[in-house]
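Scroll down for the structure; my scribbles are underneath it.
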Amino acid sequence: MGDMRPTVKDVAKLAGVSPKTVSNVINGVVFVRPETRARVESALAELDYVPNMSARGLRNGRSGMIALALPDLLRPYSAEIVHLVVELAHERGWGVQIEQTAAEPKREFELISKARAYLVDGLILNPVNLDDSAVMSAGPLPPVVLIGDVDQDVVSQVAIDNVAAARDMTKHLLSRGCRRIAVVGTPEIPRGSSGAGVLAGSAEGPGTAASRLRTTGYHQALEEAGVPIDPALEISLDRWRPEGAATVVGKYLADHELPDAFFCFTDSLASGALSALWEAGIAVPRQTLVAGFDNILESRFMIPPLTTIDFDRREFVASALDLLAERMSDKDAPPRRVMIPHRIIERTSTER
């Protein structure tokens, strides 16, 4: 071909496919069978094909990049989500820009502006509160998918049933003979059991959708079992971090009778609670039980190994990318919700 730049038609001829199939592989929006994708990618590499981004942008406005924004990138849960988004997006031919919102709507607005300017093709956002989210006040939206806690019908969303998951874990602890079950991570102003929604994944912080919904599920399980709700067993903290949990649980132990169990609203909180219990000389599970939420990789290596709520992260992320591809292909498509099932992983921390 001399000095001429290879075209999509050249790649298609070498791979034995149509130019449309080559475009589908490059754009990553439409599913292409793995064996066909492999032939196309081999042809792309052999011809040293480089997409003409300026022409491509004029044609379809796509950059080949998406953005993922999470509230706190320090959390182990966030690291697992980032890893999967990057891995599965790469399979679609997408690059990923990672952002931390720190639960600040201003950063969400900035990302939405980037998408409107075609600097990224779509966004995956994890707002921690619906009222504060740019999604509710930014006007017409580019392709956006939400993951996590807020209950809304404006854009497509992937979630788990957070109320049911917390209810199930509380029932698990009740089945172990526990009656005084402390919860770590409740809203700073405790809410009753009439929560406003059931959608959730994981988020952070006091008063977030996650804390409210998980408290709702906890309350429901107690009410169903005829166990009185005791606000003194609801432990709030200003940040969902292990060090915060260690501090508040340590103070709680100094001022209160030891509960039968601690249900922590994330595994990171549970690690802090376990540290505080160890510092106080309290044996788990012999003297009290501890449970978490999220089944992060470290949970099985905690001492003792942690009972927790699990859901299929890969399915969670793949569903979010599927929904985003739908929105990128048809911005007028109606929003959809995908619910990911949860289960309890029983480990030593709740054995009796």
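Numbers here simply count residues along the sequence, with the first being 1.
At a threshold of 4.5 Å between side-chain heavy atoms, the hydrophobic network of Ile, Leu, Val, Met, Phe, Trp and Tyr places Leu297 and Val82 in two separate groups. By the criterion of side-chain heavy atoms lying less than 4.5 angstrom apart, applied directly or through intervening Ile, Leu, Val, Met, Phe, Trp or Tyr residues, Leu47 is grouped together with Val17 in one hydrophobic cluster. The hydrophobic clustering, which links ILVMFWY residues whose side-chain heavy atoms are closer than 4.5 Å, places Phe316 and Ile345 apart. One hydrophobic cluster, built from ILVMFWY side chains closer than 4.5 Å, holds both Val183 and Val227. Hydrophobic clustering of Ile, Leu, Val, Met, Phe, Trp and Tyr side chains at less than 4.5 Å, counting indirect connections, keeps Leu74 apart from Phe265.
Among residues two or more places apart in sequence or in another chain, the side chain to side chain donor-acceptor pair (under 3.5 Å) test is passed with Arg314 by Glu87.
Annotation: Arg336, atom CZ; neighbour count of heavy atoms from other residues, nucleotides and ligands within 6.0 Å does not exceed 12. More than 12 heavy atoms of other residues, nucleotides or ligands sit less than 6.0 Å from atom CD1 of Ile98.
Side-chain contact between Thr215 and Gln220 is absent, with no heavy-atom pair separated by less than 4.5 Å. A 4.5 Å side-chain heavy-atom check between Leu70 and Thr101 finds every atom pair outside the cut-off. Put simply, the side chain of Ile147 does not reach to within 4.5 Å of the side chain of Leu125, judged on heavy atoms. Within the 4.5 Å cutoff, the side chain of Val155 has no heavy atoms near those of the Val145 side chain. Looking at Pro285 and Leu289, their side chains come closer than 4.5 Å, going by heavy atoms from C-beta outward. No side-chain heavy atom of Ser299 sits under 4.5 Å from any side-chain heavy atom of Pro305. The shortest distance between side-chain heavy atoms of Ile181 and Leu233 does not fall below 4.5 Å. Considering only heavy atoms from C-beta on, Pro127 comes within 4.5 Å of Leu146 through its side chain.
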Practice item. Give the C-alpha distance, both sets of side-chain angles, the deciding distance and a yes or no for side-chain contact (heavy atoms from CB on, under 4.5 Å) between Glu80 and Ile296. Key: CA-CA 8 Å; Glu80 293 181 27; Ile296 61 174; 3.5 Å; yes

Review point. Would Phe293 and Arg214 count as a side-chain contact (heavy atoms from CB on, under 4.5 Å) if you check the C-alpha gap in whole Å, the side-chain angles of each, and the deciding distance to 0.1 Å?
Key: CA-CA 10 Å; Phe293 199 117; Arg214 293 176 191 182; 3.4 Å; yes

Exercise for review: Evaluate the side-chain hydrogen bond (donor to acceptor under 3.5 Å, both in side chains) criterion for residues Glu224 and His219: first the C-alpha distance (whole Å), next the side-chain angles of each, then the deciding distance (0.1 Å), finally the verdict.
Suggested key: CA-CA 9 Å; Glu224 290 173 13; His219 285 169; over 6 Å; no

Practice item. Decide yes or no on side-chain hydrogen bond (donor to acceptor under 3.5 Å, both in side chains) for Asp267 and Thr308, but give the supporting numbers first. Key: CA-CA 7 Å; Asp267 290 351; Thr308 185; 2.7 Å; yes

Exercise for review: Decide side-chain contact (heavy atoms from CB on, under 4.5 Å) for Arg241 and Asp72; before the verdict, give the C-alpha distance in whole Å, the side-chain angles of both, and the deciding distance to 0.1 Å.
Suggested key: CA-CA 10 Å; Arg241 296 269 180 85; Asp72 184 357; 2.7 Å; yes

**Study point:** From CA spacing to verdict: side-chain contact (heavy atoms from CB on, under 4.5 Å), Phe262, Leu274
**Key:** CA-CA 9 Å; Phe262 288 87; Leu274 286 168; over 6 Å; no

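Screening residues 339-352 for salt bridge (charged side-chain N to carboxylate O under 4.0 Å, His left out) gives Arg176-Glu346, Asp310-Arg343 as the qualifying pairs, with residues at least two apart or on separate chains. Evaluation of the side chain to side chain donor-acceptor pair (under 3.5 Å) test over residues 269-288, restricted to residues two or more places apart or in two chains, returns none.
For Arg167 and Asp161, the salt-bridge test fails: no basic side-chain N is under 4.0 Å from an acidic carboxylate O. With respect to the salt-bridge test (charged N to carboxylate O, under 4.0 angstrom), the residues Arg327 and Asp322 do not qualify. Taking the charged nitrogens against the carboxylate oxygens, Arg37 and Glu41 do have a contact shorter than 4.0 Å, which makes a salt bridge.
Ring planes of Tyr252 and His256: parallel class, angle under 30° (limits at 30 and 60°).
Between the side chains of His172 and Thr307, no donor N or O sits under 3.5 Å from an acceptor N or O. No side-chain N or O of Thr266 forms a donor-acceptor pair with one of Asp294 less than 3.5 Å apart.
In this structure, Leu324 and Leu123 approach most closely via the heavy-atom pair CD1-O, 3.6 Å.
Between Phe263 and Tyr218, the gap from one ring centroid to the other reaches at least 6.0 Å.
Atom OG of residue Ser349 and atom CG of residue Leu306 lie 4.5 Å apart, to the nearest 0.5 angstrom.
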